[in-house]
Amino acid sequence: MKKVTGTIDYHKKVITIRNLYKSFGELVVLAGIDIDLYKGENLVVLGRSGTGKSVLIKIISGLLKPDRGDVFVLDKQVDRLQEKELRELRLKLGFLFQHSALYDSMSVRENLEFPLTRNVKNLTTAQINEAVEEVLDAVGLLDKINQMPAELSGGQRKRIGIARTLILKPDIMLYDEPTSGLDPITSIEINDLINEVQAKYRTSSIIITHDLTCAKATGDRIAMLLDGQFRKIGTFDEVFDTQDERIKAFYDYNFTE
Amino acid sequence: MSKKSPYLTTKGIDQLFLGFFHAWKFIAQFFRELFSRPFETKEIIRQCYEVGVRSLPLITLTGFVTGIVFTKQSRPSLQSFGASSWLPSLITIAIIRALAPLVTALICAGKVGSNIGAELGSMKVTEQIDAMEVSAINPFKFLVVTRVLACTLMVPVLAMYSGFVGLMGSFLNVNQNEYTTYQSFIKEAFSSISFLDIYSSLFKAIVFGFTVGIVSCYQGYNAGNGTQGVGRAANSAVVISMFLVFIEEIVIVQVINWMR
Ligand SMILES: Nc1ncnc2c1ncn2[C@@H]1O[C@H](COP(=O)(O)OP(=O)(O)OP(=O)(O)O)[C@@H](O)[C@H]1O
Ligand SMILES: [Mg+2]
């Protein structure tokens with residue numbers, strides 16, 4: 001599917017990160033991150049395993065605290081928020097976990113209802129069903145509604161994970177490796193889904209991946225994470241038009257096999 | 001050149017105190033969230049059902065067997081004094097004062113504790129707890145408060161039940177051997193115990209239930225990474241619960257004996 005762009009508002013930043021540092025004990029993971037996410041934009045974060053990509057979006061969603069630096073999400077400084085404000089902010093954030101993190105004691109339907117009924121009061125059963133079916137339809141898995149997560153394949157779990165975050169109609173989506181471990185065809189379907197979400201719900205997204213096909217298909221801009229910093233930010237072609245051996249190696253590994 | 005040690009004392013001692021501090025914070029958070037709205041009534045009821053039903057068969061069995069065996073074993077020594085008519089009151093005192101709450105707590109520590117430890121542990125390592133948090137749901141309230149409450153409420157209920165079953169087991173044995181009727185067994189049994197006995201037993205069971213619940217939740221909620229972390233959480237949930245239950249038993253018995 002062709003990517004539809006042109007709905008990006010480059011005057012409005014939804015996420016602003018300045019000079020962000022994070023270490024675990026001796027291990028320095030993020031060392032001076034600067035990045036903006038614009039409204040309606042898909043920003044892809046590329047980087048090798050263990051470079052701190054997951055840590056970055058966990059800081060954005062307030063699951064981890066930064067050591068130093070400023071993180072603004074929808075004009076709120078995430079690590080300074082009171083519990084109630086943080087909760088309100090999180091309603092506007094969707095988070096797809098690297099391993100989907102579906103609640104495995106609940107069926108697919110319950111997984112989707114859970115965030116909805118707990119956060120939106122006084123919904124009728126009809127409204128709940130409608131919302132559940134809408135997002136399941138969006139990810140193309142309506143027939144799995146009564147399945148348990150353990151009965152789903154990895155790709156299906158990812159899609160249910162996306163559906164679960166969509167149900168609260170977030171302004172910002174954080175995808176942690178949406179295509180890792182999936183076959184190329186399922187990966188392409190997920191890429192299309194990410195683009196559809198961007199077009200249909202007008203969300204801004206950060207997409208973490210080391211799959212360059214995914215990066216190319218979904219990213220309006222690509223940010224390359226090396227040594228705890230974004231060394232290169234730009235369109236796909238800009239980022240890979242480089243002399244930097246490590247960025248070139250990344251490209252070669254993905255496209256020549 | 002000597003590098004400055006990052007520890008205040010030694011690594012082990014530092015970690016021990018850090019552990020106490022963490023556990024204390026966990027308990028404080030429990031009480032803070034216990035009284036804040038919204039109350040997870042539906043989930044609490046579901047957990048109570050889980051705790052109760054899951055341990056019911058085993059508690060029935062152990063309660064009953066304890067009653068019979070204890071009666072059988074006590075009989076010879078009482079008979080040698082010609083005092084086998086004391087059997088019902090001796091058994092009742094033993095079961096109500098000590099055995100019922102202790103045995104129930106230990107069984108719940110094994111059965112419920114390992115279950116909570118493993119369940120919360122795997123939710124932790126598969127990031128389901130993080131997932132709740134980012135969807136603006138309070139996981140502590142939904143997972144921990146409900147389970148601890150369920151244990152605190154259900155262990156006393158189960159302890160009373162196990163006391164009752166134990167006495168029935170004992171009655172069957174006494175009835176067969178001494179031909180004591182049901183009426184006189186009950187009369188003897190209840191004349192030997194006071195309200196203080198029953199209250200203090202219930203109090204013990206509440207403390208034990210809270211202990212099993214909070215320890216197991218703490219272990220699960222703070223599980224380390226990977227499947228290893230889950231196993232370790234389940235295991236230490238049981239071991240630490242049992243250990244604390246024994247210590248509490250000793251302390252509470254001392255206190256109650258002063259009160260008598
Ligand atoms: N909670 C934590 N405690 C200690 N160290 C952590 C923690 N979370 C992450 N790390 C460390 O931070 C580094 C970056 O982790 P992160 O999960 O962000 O990697 P990643 O870029 O997402 O890699 P991958 O592509 O494999 O998912 C790793 O070395 C990891 O060991
Ligand atoms: Mg990761």
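Residue numbering restarts at 1 for every chain, and letters A, B, ... go by the order of the sequence lines.
- Taking the six-membered ring where tryptophan is involved, the planes of B:F20 and B:F17 are perpendicular, since the angle between them exceeds 60° and thus also 30°.
- Ranked by heavy-atom pairs shorter than 4.5 Å toward chain B, the options A:A101, A:P115, A:P170 are led by A:A101.
- Of the residues B:S236, B:S241, B:S114, the one that meets the side-chain hydrogen bond (donor to acceptor under 3.5 Å, both in side chains) test with B:Q219 is B:S236.
- Remark: the A:D176 side chain and the A:S54 side chain contain an N/O donor-acceptor pair separated by less than 3.5 Å.
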For this session: Mind running salt bridge (Lys or Arg N to Asp or Glu O under 4.0 Å) on A:D75 and A:K12 for me, showing each step along the way?
Result: CA-CA 10 Å; A:D75 302 322; A:K12 193 163 183 330; 5.0 Å; no
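- A:L96 does not touch chain B: none of its heavy atoms, backbone or side chain, sits under 4.5 Å away.
- With chain B as partner, the option from A:L86, A:L102, A:T165 having the largest number of non-hydrogen pairs under 4.5 angstrom is A:L102.
- At a heavy-atom separation below 4.5 angstrom, chain A is approached by B:T126, B:E127, B:Q128, B:D130, B:A131, B:M132, B:E133, B:V134, B:S135, B:A136, B:I137, B:N138, B:F142 within residues 126-154 of chain B.
- The existence of a salt bridge linking A:E88 and A:K76 is excluded, since no basic side-chain nitrogen approaches an acidic carboxylate oxygen closer than 4.0 Å.
- Between B:R54 and B:E50 there is a salt bridge, since at least one side-chain N of the basic residue sits less than 4.0 Å from a carboxylate O of the acidic one.
- Of the residues considered (A:N119, A:L174, A:L168), A:N119 shows the highest number of contacts with chain B, using heavy-atom pairs under 4.5 Å.
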For this session: Would you check, one step at a time, whether the test salt bridge (Lys or Arg N to Asp or Glu O under 4.0 Å) holds for A:R164 with A:E113?
Result: CA-CA 8 Å; A:R164 187 176 66 184; A:E113 283 175 358; over 6 Å; no
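- Closest of all the heavy-atom pairs between B:S55 and B:C108 is OG-SG, 4.1 Å.
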